[in-house]
Amino acid sequence: MSKEKDDQQQFIFICNGKDCKKNGCKDIQKAIKIELKKKKQQKYIKLIKTKCTGKCKKAPVLIVKEQWMTEMNVPKALEVVNSMI
């Protein structure tokens, strides 16, 4: 990893509203945390739980680099994480 990338911190926001919870956000959170730890990226990529984001019909929802990602699941979320590394 380059020094320049080391200095940058990235964020993944994950909705923890009722519909997101019902549709698997907890499994996504767990998988992201495991992936970040496995790749030693938890210092550079932070997972932040949010309250409802208002996109309930498209749950679960992630927000990464100002991009809304809807109808997420574990494989899609891990793809996002790995694209950030």
**Prompt:** Within the distance-only criterion (no hydrogens, no angle test), does the side chain of Lys40 pair as donor or acceptor with the backbone N or O of Leu36 below 3.5 angstrom?
**Reply:** no

**Message:** Has Lys76 got a side-chain atom pairing as donor or acceptor with Glu71's backbone, closer than 3.5 angstrom?
**Reply:** yes

Check whether any side-chain heavy atom of [X] sits under 4.5 Å from a side-chain heavy atom of [Y], and report yes or no.
{"X": "Thr53", "Y": "Trp68", "value": "yes"}
{"X": "Ile14", "Y": "Met72", "value": "no"}
{"X": "Val81", "Y": "Gln41", "value": "no"}

**Request:** Mind listing the closest non-hydrogen atom pair of Cys20 and Val61 along with its distance?
**Result:** SG-N, 3.6 Å

To the nearest 0.5 Å, what is the distance between [atom1] on [X] and [atom2] on [Y]?
{"X": "Asn16", "Y": "Lys51", "atom1": "CG", "atom2": "NZ", "answer": "11.0 Å"}
{"X": "Leu62", "Y": "Ile48", "atom1": "CG", "atom2": "CD1", "answer": "12.0 Å"}
{"X": "Glu35", "Y": "Asn82", "atom1": "CD", "atom2": "CG", "answer": "4.5 Å"}
{"X": "Ile45", "Y": "Phe11", "atom1": "CD1", "atom2": "CZ", "answer": "11.0 Å"}

**Message:** Using the rule side chain to side chain contact (heavy atoms under 4.5 Å, CB included), only one of Val74, Asn73, Ile32 pairs with Asp27; which is it?
**Reply:** Val74

**Message:** Going by the rule salt bridge (charged side-chain N to carboxylate O under 4.0 Å, His left out), which residues pair with Lys26 if we only count those two or more places apart in sequence or in a different chain?
**Reply:** none

**Request:** Group every Ile, Leu, Val, Met, Phe, Trp and Tyr by side-chain heavy-atom contacts under 4.5 Å, then state whether Ile28 and Leu78 land in the same group.
**Result:** yes

**Message:** Same cluster or not: Met69 versus Ile85, using hydrophobic residues (I, L, V, M, F, W, Y) connected whenever any side-chain heavy atoms lie under 4.5 Å apart?
**Reply:** yes

**Asked** Does CD in Glu79 sit with more than 12 non-hydrogen atoms of other residues, nucleotides or ligands closer than 6.0 Å?
**Response** no

**Prompt:** Which pairs with one or both residues in residues 57-67 pass side chain to side chain donor-acceptor pair (under 3.5 Å), sequence neighbours excluded?
**Reply:** Gln10-Lys65

